[in-house]
Number of protein chains: 2
Amino acid sequence: MEYIEIYKCLCERTRLRILNLLREGPLCVCHLHEILGEAQPNVSRQLGYLRAHGAVESQRHNNWIMYRLPDRRHPILEENLKCLQDVAREDGVFRRDLERRASVVRRIARTREGCPDAVRVRGCC
Amino acid sequence: MEYIEIYKCLCERTRLRILNLLREGPLCVCHLHEILGEAQPNVSRQLGYLRAHGAVESQRHNNWIMYRLPDRRHPILEENLKCLQDVAREDGVFRRDLERRASVVRRIARTREGCPDAVRVRGCC
DNA sequence: TCGATATATTCCATTTTAGGCATATTCCCA
DNA sequence: TGGGAATATGCCTAAAATGGAATATATCGA
């Protein structure tokens with residue numbers, strides 16, 4: 001009954017917001033921190049939780065650690081990510097998160113500051 | 001962000017087993033109790049939890065209280081019930097629950113004992 | 001090697017959750 | 001009206017989850 005772990009990943013506000021953001025592409029911790037407006041240790045903890053249960057993957061690039069959705073994911077997780085896509089259109093929190101994400105991405109494309117090239121290439125910035 | 005409540009309904013073992021059973025039709029508490037092999041207060045409490053969050057409905061028939069999936073359900077709940085259907089084929093716990101359910105249903109059809117007519121008509125027994 | 005930045009972890013207090021057990025409630029029927 | 005069956009609830013404890021604050025770790029660059 002490993003799906004219970006998946007649902008536990010999904011049943012917390014910050015984790016759900018993180019997954020919704022990662023749907024659109026990888027992000028590093030500091031940008032998640034910025035977008036979510038949550039304390040950095042919180043973001044880090046929830047990312048750790050998600051990673052421990054296979055809902056996200058991480059990869060270090062220099063000083064940054066990028067989080068992304070794994071390529072191969074459990075069908076139940078996959079299905080619920082699709083649900084999030086629909087839900088995000090109507091939910092204020094999700095929508096605002098995505099707007100902030102877009103604005104962070106734009107800013108970094110403009111100023112070329114923040115992430116290293118390796119990260120930029122991979123779509124974080 | 002009301003979906004969090006839905007995921008909370010789904011992230012506990014007994015609740016998930018209950019929902020999987022109710023996919024196949026309504027059941028009263030005592031049969032859920034029998035099928036699940038869980039203490040009656042536990043079953044009752046989890047049912048109360050599910051009902052409080054709109055994941056199930058209940059209706060009293062004499063001494064019995066029938067629980068069923070609501071006709072109108074949140075899209076996310078609906079989607080995950082479909083997932084359960086797939087998962088149940090491969091998961092030992094879910095499958096055994098469904099077998100026990102079938103056997104309870106057969107027994108009651110045979111012996112005409114246990115549920116009142118009103119319940120029987122509605123598919124519990 | 002030192003300082004700065006990004007991230008993770010530890011410690012701690014609070015809250016939430018789950019389950020066992022006893023008991024209350026509701027309803028039917030004799 | 002009292003007893004029995006079905007269900008719900010209250011009380012208690014243990015475990016788990018949450019989050020704040022401080023601190024540790026890792027990496028880079030001067």
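In what follows, chains are A, B, ... by sequence order, proteins preceding strands, each numbered from 1.
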If I take atom [atom1] in residue [X] and atom [atom2] in nucleotide [N], what distance separates them, rounded to the nearest angstrom?
X	N	atom1	atom2	answer
A/W64	C/dA8	CH2	P	14 Å
B/L32	D/dT7	CG	C1'	12 Å
B/Y7	C/dT16	OH	P	22 Å
A/H61	D/dT27	NE2	P	13 Å
A/R17	D/dG19	CZ	C1'	15 Å
A/E38	D/dA21	CD	P	13 Å
B/N63	D/dA6	CG	P	7 Å
A/E34	C/dA6	CD	C1'	14 Å

Checklist entry - Contact class for A/R13 (heavy atom, under 4.0 Å): base, sugar-phosphate, or nothing? => result nothing

Next on the checklist: Measuring from atom SG of A/C9 to atom CD1 of A/I76, what distance do you get when rounded to the nearest 0.5 angstrom?
Outcome noted: 12.0 Å

Closest to the [X] side chain, choosing from [options]:
X	options	value
A/Y49	C/dT7, D/dT7, D/dA17	D/dA17
A/I65	C/dA8, D/dT27, D/dA5	C/dA8
B/Q46	C/dA18, D/dA8, C/dA6	C/dA18

Checklist entry - Just checking, is any N or O donor in the side chain of A/Y7 or B/N80 under 3.5 Å from an acceptor N or O on the other one? => result yes

Give each protein N/O atom lying under 3.5 Å from an N/O atom of nucleotides 9-14 of chain C, with the pair distance.
{"unit_1": "C/dT10", "atom_1": "O4", "unit_2": "A/R45", "atom_2": "NH1", "d": "2.8"}

Checklist entry - Would you say B/K8 reaches C/dT17's phosphate, i.e. side-chain N/O to OP1/OP2 under 4.0 Å? => result yes

Checklist entry - If only side-chain N and O atoms of B/Y67 are considered, is one of them under 4.0 Å from the OP1 or OP2 phosphate oxygen of D/dA8? => result yes

Next on the checklist: Show the nearest heavy-atom pair for residues A/R101 and A/P26, with the distance to one decimal.
Outcome noted: NH1-O, 3.9 Å

Next on the checklist: Any carboxylate oxygen within less than 4.0 angstrom of a Lys/Arg side-chain nitrogen, looking at A/K8 and B/E12?
Outcome noted: no

Checklist entry - Hey, quick one: are A/V56 and A/L98 part of the same hydrophobic cluster, counting side-chain heavy atoms closer than 4.5 Å, chains of contacts allowed? => result yes

Checklist entry - Which residue lies toward the 5' end of DNA chain D, A/R60 or A/E12, if each is placed at its nearest nucleotide? => result A/E12

Item to check | Steps toward salt bridge (charged side-chain N to carboxylate O under 4.0 Å, His left out) verdict (B/R68, B/E57) | outcome: CA-CA 5 Å; B/R68 70 186 62 229; B/E57 287 174 350; 5.4 Å; no

Next on the checklist: Test side-chain contact (heavy atoms from CB on, under 4.5 Å) on A/I18 and A/L36; report intermediate values, then the result.
Outcome noted: CA-CA 8 Å; A/I18 289 173; A/L36 296 170; 3.7 Å; yes

Checklist entry - Any donor-acceptor pair under 3.5 Å joining the side chain of A/N62 to the base of D/dT27? => result no

